[in-house]
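A quick write-up on the structure given underneath.
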Amino acid sequence: MKILYAAPVAKRYRAIESETRRAAADGHEVHLAAARRPHWDEHPLDARVTAHWLHPAGRRAPESALATALLYRLPRGLLRRLGRGPLAGPAAGALRAWNRRVTGPLDRRRKRRTAEVHFAYRRAAVLALIEEHRYDWLVLSEPGAIDLLADDLPALLDRRPELRTTYTYEDFAEARDAR
Amino acid sequence: MSPGRRVAVVTPWYPEPQVPFGGSFVRAMVEAVAPGCDRLDVYHLNIWTVLRPAERRRRIWRAQRRLLPRSVPASATVAGAALHRIPVLAPPTEDWRAKSDAFAEWLAVALGGERIEAPIVHAHVPFTAGWAALEHAAPGARVYATEHASFLAEVLAQPRARDRYDAVLDRLDGYFVVGEPLRDLVAAAFPHHAEKIRFIANPVDFRASPAGVPRDLRRWLSVATLTERKRIDHLLRGFALCRNEDPDLTLTLVGDGKERPALEALAAELGVAAAVDFRGAVEPDAVAAIMADHDLLVHTSRHETFGMVVVEAVAAGLPVLVTRSGGPEHALEGIEAACGAFIEVDDDPAVLAEGYADLRGRFPSGLDLARARTRLAARYGHEAVARQHFAAWDAPAPEAVRP
């Protein structure tokens, strides 16, 4: 069978390594969609497993250059310059207050928006894999995998009721019969 | 399997590739009792924490309700038993009653509106899996539970969780603990249920003969997660002190945990890094072979509900140096001196060093490892523990014995 092992967060890297190896050893064609973990540098994935790394490198929420200049560079530069003179104490306090009240909330909002961009990228990447490869079996090995496909699973299961879904790859009696 | 009993085991812990030793005592219980059952199904209710805002969680929950009933086929586990892995989605919470509800909720979804078929249901951890089992056992099924949780005091400190635990105790057909500390805790919290509390052992495999013979107690071994409760930092300090006297001592640490970097740094700071082997987590099946290459198990935990690894060490023919941490005193009752020595839970490394010196002074003639092993096999061997379970499950229901 053709299996997609989805682990977008990939915290359970030992399980991913061992279960994909086992699936490949059982004769399945195994694709892994995951964030790459340093653990696999020392414990390589099985060579028969096709890995699709979900790395949204460089993708960030758009930022306004004007807002960056007005809210980050100018006030911080000014306060840092003041901090080198006799107003060092008040300037340092003002800089901390600016960071806490203005740029801190902005940074959190940007981080949240960037996380949404990353999520959308991973979702699109996994959906494209599902579309392209028409897998027989989806292993949703972590909460992140269900989260990623939560909006798409109902329609997918309606469209493909024969699609096998599990949360692990193990020695399933049904799968043994199907091989 | 032999005919007669149809049993379901419901548990929050069961070994899996990510945590191969997690819940190994539940698997050992399954391995012990399955040969005496016609059919045995394990429901592993595995908590999956979902760190997402409430609105997103609602969507995830909706998808999971659709997904779960079609996604938990049985896989094979030990001794012919069948295993169903059921993720229990829950937001991060310290509210134990809410966690307990999540276990019951997701088991219901996985069962697809049906009940657990088996007429005997045995849960591990009454508060989580036990509650789920009680809520979804078939009418007339008998439900038992064994408490192992080292964090039970924390659960019972929450009034709503305590009320739930009281209700669970009330409804169970049998309630077991694996050691005296848990019995004392539960009896003190629920004196009206004290009579219901029974001991049941975690099974340990005594079937193979010890593969090695301890030589001179120089090759120390610890099998424990690297967490604060296990006090591996104190083990390292005690080891360093003993090694000042005997530079040939070595220490193997089997287990992993978030304290590992700090412990590696401590070993370096104490000047014993070259003598300490951080082996990491290993498969439970590999532990016996590792024990065969060592002379002494040193267990420095602050608190244990049972102390299974201590019994496993005696089964493997190793003497033990172990802290008075609750469970081990109960587990080794009557054979303490025959199998090793106890030390107090004390932060002074000299306490461990003195315990080691005493044990080494008595080794080998002052110990009787063969006698200790035979005694423990009679208490904790697979056959013995299976008999304890069967005696509970096969006992006539209270209604049946009424005149």
Side-chain angles (χ1 to χ4, degrees), chain A residues 5-23 26 37 39 42-43 112 115-116 119 123 137-158 160-178, chain B residues 14-22 39 41-53 55-78 80-92 102 106 109-110 256 258 280-283:
Chain A
Y5 194 105
V9 181
K11 271 192 183 163
R12 302 176 69 253
Y13 42 83
R14 288 193 203 99
I16 295 166
E17 175 204 334
S18 128
E19 290 182 16
T20 52
R21 174 170 290 122
R22 185 172 187 172
D26 285 346
R37 289 277 168 185
H39 171 84
E42 290 176 20
H43 305 86
R112 201 165 50 241
E116 285 165 7
F119 183 88
R123 178 182 168 208
W137 186 344
L138 279 186
V139 180
L140 301 161
S141 72
E142 59 183 32
I146 304 171
D147 182 11
L148 196 68
L149 297 175
D151 298 328
D152 309 290
L153 276 168
L156 179 66
L157 298 179
D158 286 341
R160 297 199 45 209
E162 81 292 355
L163 179 67
R164 178 187 291 274
T165 52
T166 60
Y167 303 101
T168 55
Y169 179 85
E170 296 190 77
D171 184 14
F172 296 119
E174 293 169 20
R176 216 181 305 139
D177 297 342
Chain B
Y14 205 77
E16 52 170 329
Q18 181 66 21
V19 193
F21 45 83
R39 181 184 167 91
D41 284 273
V42 181
Y43 295 88
H44 175 203
L45 305 178
N46 194 8
I47 192 99
W48 280 15
T49 304
V50 178
L51 293 154
R52 296 287 268 157
E55 169 52 29
R56 184 65 196 165
R57 280 204 309 271
R58 275 191 283 278
R59 288 165 176 264
I60 298 168
W61 265 226
R62 203 158 44 232
Q64 176 71 341
R65 282 195 194 96
R66 174 84 190 272
L67 199 58
L68 185 53
R70 73 193 304 284
S71 305
V72 284
S75 63
T77 181
V78 288
L83 170 65
H84 311 260
R85 304 261 194 205
I86 301 172
V88 172
L89 301 189
W106 290 114
V109 176
D256 218 336
K258 57 186 174 187
V282 302
E283 294 286 335

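Not measured: the values here are computed from a predicted model. Within every chain, numbering begins at 1; the chains are lettered A, B, ... in the order of the sequence lines, protein sequences first and strands thereafter.
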Exercise for review: Could you walk me through whether D151(A) and R56(B) pass the salt bridge (Lys or Arg N to Asp or Glu O under 4.0 Å) test, one step at a time?
Suggested key: CA-CA 10 Å; D151(A) 298 328; R56(B) 184 65 196 165; 3.0 Å; yes
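Here the shortest heavy-atom pairing between S71(B) and T165(A) reads OG-OG1, 2.7 Å. Annotation for Q64(B) and Y167(A): closest pair OE1-OH, 2.9 Å, computed over non-hydrogen atoms. Closest approach of E16(B) to R12(A), counting heavy atoms only: OE1-NH2, 2.5 Å. Summarising the geometry of S75(B) relative to F172(A), their closest heavy-atom pair is CB-CD2, 3.7 Å, with the distance given to 0.1 Å. When all heavy atoms of W48(B) and S141(A) are compared, the closest pair comes out as CH2-C, 3.6 Å. Nearest heavy-atom pair across E19(A) and P17(B) is OE2-CG, 3.6 Å.
Separation of atoms CG (L153(A)) and CZ (R66(B)) is listed at 9.0 Å; rounding is to 0.5 Å.
Of the listed residues Q18(B), R62(B), R85(B), the one with more heavy-atom pairs under 4.5 angstrom with chain A than any other is Q18(B). When each of L148(A), L140(A), T168(A) is scored by its heavy-atom pairs under 4.5 Å with chain B, the top score falls to L140(A).
Put simply, the side chain of R70(B) gets close to the backbone of P161(A): a donor and an acceptor are under 3.5 Å apart.
In this structure, chain A has no heavy atom under 4.5 Å from any part of I86(B). Only the backbone of T49(B) has a heavy atom closer than 4.5 Å to any heavy atom of chain A. Both the backbone and the side chain of R59(B) come within contact range of chain A, with heavy atoms under 4.5 Å apart.
Here the side chains of I146(A) and V50(B) are not in contact, with every heavy-atom distance at 4.5 Å or above.
In the displayed structure, E162(A) atom CD is contacted under 6.0 Å by more than 12 heavy atoms of other residues, nucleotides or ligands.
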